[in-house]
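Okay, so here's the structure we're looking at.
Convention: sequence-line order gives letters A, B, ...; per-chain numbering from 1.
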Amino acid sequence: MLTLTPVGSGQPPDNDLLAGLNENQAEAVRCINGPLLIIAGAGSGKTRVLTVRLAYMLRNGIDARQVLALTFTNKAAGEMKERIGHLVGASTARSIWAGTFHSIFARILRQYAERVGYTSAFTIYDTDDQTAAIKAVMNQLGISQQVLPPSGVRSRISSAKNSMISWQEYARSAKSVLEQQTGQIFEQYERRLRLSNAMDFDDLLNVTIRLLRDNPDVLATLQERFRYIMVDEYQDTNRSQYTVVSMLAARHGNLCVVGDDAQSIYRWRGAEIRNILDFDRDYPKAQVVRLEQNYRSTKTILAAAHSVIKRNATQLKKELWTDNSEGEKITVLACRDDREEAEMIARTIRSRMASHGYSPKDVAILYRTNAQSQALEDALRRSNMAYHIVSGVSFYKRKEVKDALAYLRILVNPDDAESILRVINEPARGIGNTSIERIQSYAVQQGITFHAALQQIDRVPLMQARTVKAVSEFIGIIDRHRELLNELPPATLAQAYIEATGLPQMYRLQQNEEALDRWNNIERVLDHIAEQQELDESLTLVTYLEQIALISDADDPELGNNRIAMMTMHAAKGLEFPLVVIAGLEQGLFPLAKAEQDPEEQEEERRLLYVGMTRAREQLVLSYAEKRFRFGEITYSRPSMFLAEIDKATIAPSGRSMTGSEVTPQRPLKAPYQQTPGRAGSARGASAIEHNEYSQIPVPKRYTSVSQPASRRQAEQQAAPTVRVGQRVKHPMFGSGTISAVTGGGQTEKATVLFDNGQRKQLMVAFARLEIIG
DNA sequence: ACTTAGTAAATTCTC
DNA sequence: TTTACTAAGT
């Protein structure tokens, strides 16, 4: 066992750190100079090795500020810092540069923005912004969006940029008409982003590379600053990431990369598995350490996973083994359709929870596509089991939230054309498409930004007097508040500014539930800014917006809640659960249809299954359905080829009946199975229990698009009403007040609060961080 | 210029 | 099933 050192209590000798590590792990920890490749099999204690290694470095006199740790999610970086904090003290840990590639390089780029032709207030464009820019460019070029779908153009451009192919190179090697047109769009797209002082995700890396290439002094500074570099999930790095890392590590050569080629599942977004396969060729002096002992799974699970992955041709040699017990065999559930599959999964989980004492948080349901979650959710809800969806539609993707953020983005970077276009007529100001088109072509013609064109609106031809007035008012709101950018704290400014845009009023005036939800979501953004500002005094709108832009769905899984976790296998990487269910093992779904021809795709799908299976510690359940609802219609499919690849000896013999009974060796199941009356038509089969005992559990209107902001956050709030009229509450922004009315329940519960400062607000209880006082 | 109705398309994964 | 865009109507 590793003894955790309390913060601030002197420094115990190093062997404390190494205690409890196996030989290979200790070797990886001790090797701090020169290139090092750690091949870390699933469940081999990678995170622990990495944190201990960093702590070991710090204990041996390396300055924390010289350490750069690159991870794939912000969450991974945060956890790493926290764990190191326990070992060496929180303040030391804080000065390590740890974060995702994108967030670290965004930070660096802000510092050197002028060197590469941007201002430090540059905007980061997400996928939607990119698509919007591409559409605008296509319009301008007169290329039909029917013939050439913008989303396809976006992904071709992005994968080119991933591989560091410039528009010039792309256009030069373009063969088909499609590629030639994409090349043209590519060129204009790059120009447009540059003019907008905006970078897309790929730019964050590629512009960094350009910065380092063209500015030897910057390169030298950064090489000195980051003398020790560590890259996690190296098998998933793309070409740009690989290049940046090699440039930074070139001087000191203290580069430690960690990964597992068997878990490379991001080929589709440009990850090059070769990066890890060829590491020892790139760095001939590299030490290689293999972590092959698995501490997570049973022998059975490991054998099953191994029997699958060994069918892949391209991989590094390694043999995972474990001291863990044999464990129970794997269960395969054969189901008639997706609905029955969901029911059987719910029942299986329930019975395993009863027989093995698992609590909900010990269980995960994994699937290939997000669309599969729906049937599963319905089943869990009906059997009254607490669940929680990791990922799904993020809060920040909601229209009203994006609108509010777009307004804020314009404030810090008025050149951001995409954001202006998004909100110029939101709420409706009488600035229609025709006017916008005219202003745009004027801007292009003059070679000025969209914002500049708006400022000289009286010079734009063919403008109606009414439109000119509307535009001047719009631009006035922005410019007026821009002057306050350095005067007011971000939260105060944002509050006043958003109020001035008329966006909240628009929703407040429509007296329906949907509008109320939307208004509340905007409030929540403002609350969030206030909250962040309190946490970090130096917060600016620029840094806040950057933080939001680089957030990922996997970053906020609301741990600590005792719920069954549901997520895609991609999102499950790095996690583990005693009981794991993998649903939908069918040809055409897993592996996906397009992988059936392409052997490389097929290998990637196989690795994905490997990742899924190795999440399980004790029990693994696999399921498939003969037919399921897809694309709004019923499709039939055969069981996945992968099922046949799993070593038969690891699978429980099934008395496979198609009647929907469980096929485990475990008890036949008489576990309590309560049924909540679901939506009309949702009860089926054995649903004899139709009483209303559980009716206070709301059936969330998930698919009405409205009342489902932040699905995960909201999923927490499945319980009955939590506030009463007359109760005293406290709100982080509005202070204390009294509840004067409550409507709805569960997720739609709204409370009207009369605040002591005289304000009256209607708040969604699920979102507003109301604290009950007195 | 905005609203509405109807039709087409989309459903893999993500910083 | 849901969203997104287009065309016609007000």
Distance-only side-chain donor-acceptor flag, A:Thr127 / A:Gln130, under 3.5 Å =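 Result is no, nothing qualifies.
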
Do you see a donor-acceptor pair shorter than 3.5 Å between the side chains of A:Tyr189 and A:Asp200?
->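 Yes - a donor-acceptor pair under 3.5 Å links their side chains.
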
So does A:Arg607 pair up with A:Glu604, basic N to acidic O under 4.0 Å?
->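 A:Glu604 and A:Arg607: salt-bridged.
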
[X] [atom1] to [N] [atom2]: how many Å, rounded?
X: A:Glu233; N: B:dC15; atom1: CD; atom2: P; answer: 12 Å
X: A:Gln372; N: B:dA10; atom1: CD; atom2: P; answer: 20 Å
X: A:Asn433; N: C:dA7; atom1: CG; atom2: P; answer: 13 Å
X: A:Asp128; N: B:dC15; atom1: CG; atom2: C1'; answer: 14 Å
X: A:Phe590; N: B:dC13; atom1: CZ; atom2: C1'; answer: 11 Å
X: A:Lys573; N: B:dT14; atom1: NZ; atom2: P; answer: 12 Å
X: A:Leu204; N: B:dT14; atom1: CG; atom2: C1'; answer: 14 Å
X: A:Arg368; N: B:dT14; atom1: CZ; atom2: P; answer: 10 Å

Base, sugar-phosphate, or nothing: which does [X] touch, judged by heavy atoms less than 4.0 Å apart?
X: A:Ala371; value: base
X: A:Asp126; value: nothing
X: A:Lys135; value: sugar-phosphate
X: A:Thr434; value: sugar-phosphate

Aromatic-base stack, A:Tyr266 on B:dT14, cutoff 5.5 Å, angle under 30 =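 Base of B:dT14: not stacked against A:Tyr266.
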
Does B:dC13 have OP1 or OP2 sitting under 4.0 Å from an N or O in the side chain of A:Asn370?
->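 For A:Asn370, the contact criterion (side-chain N or O under 4.0 Å from OP1 or OP2 of B:dC13) is met.
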
Check the pair A:Ser623 / A:Glu341 against side-chain hydrogen bond (donor to acceptor under 3.5 Å, both in side chains), numbers first and verdict last.
-> CA-CA 7 Å; A:Ser623 71; A:Glu341 180 188 41; 2.7 Å; yes

Hey, which of these two, A:Ser435 or A:Glu604, hits DNA chain B nearer its 5' end, going by closest nucleotide?
->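 Checking each residue's closest nucleotide, the 5'-ward one belongs to A:Ser435.
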
Closer to the 5' end of DNA chain B via nearest nucleotide, is it A:Arg429 or A:Asp202?
->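 Its nearest nucleotide lies further toward 5', so the answer is A:Arg429.
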
Nearest of B:dC13, B:dC15, B:dC2 to any side-chain atom of A:Asn425?
->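 The answer is B:dC2.
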
On a whole-Å scale, what distance lies between the P atoms belonging to C:dA4 and B:dC13?
->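 15 Å, rounded to whole Å.
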
Cation-pi geometry met for A:Arg606 and A:Phe642 (6.0 Å, 45°) =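 So A:Arg606 doesn't make the cation-pi contact.
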
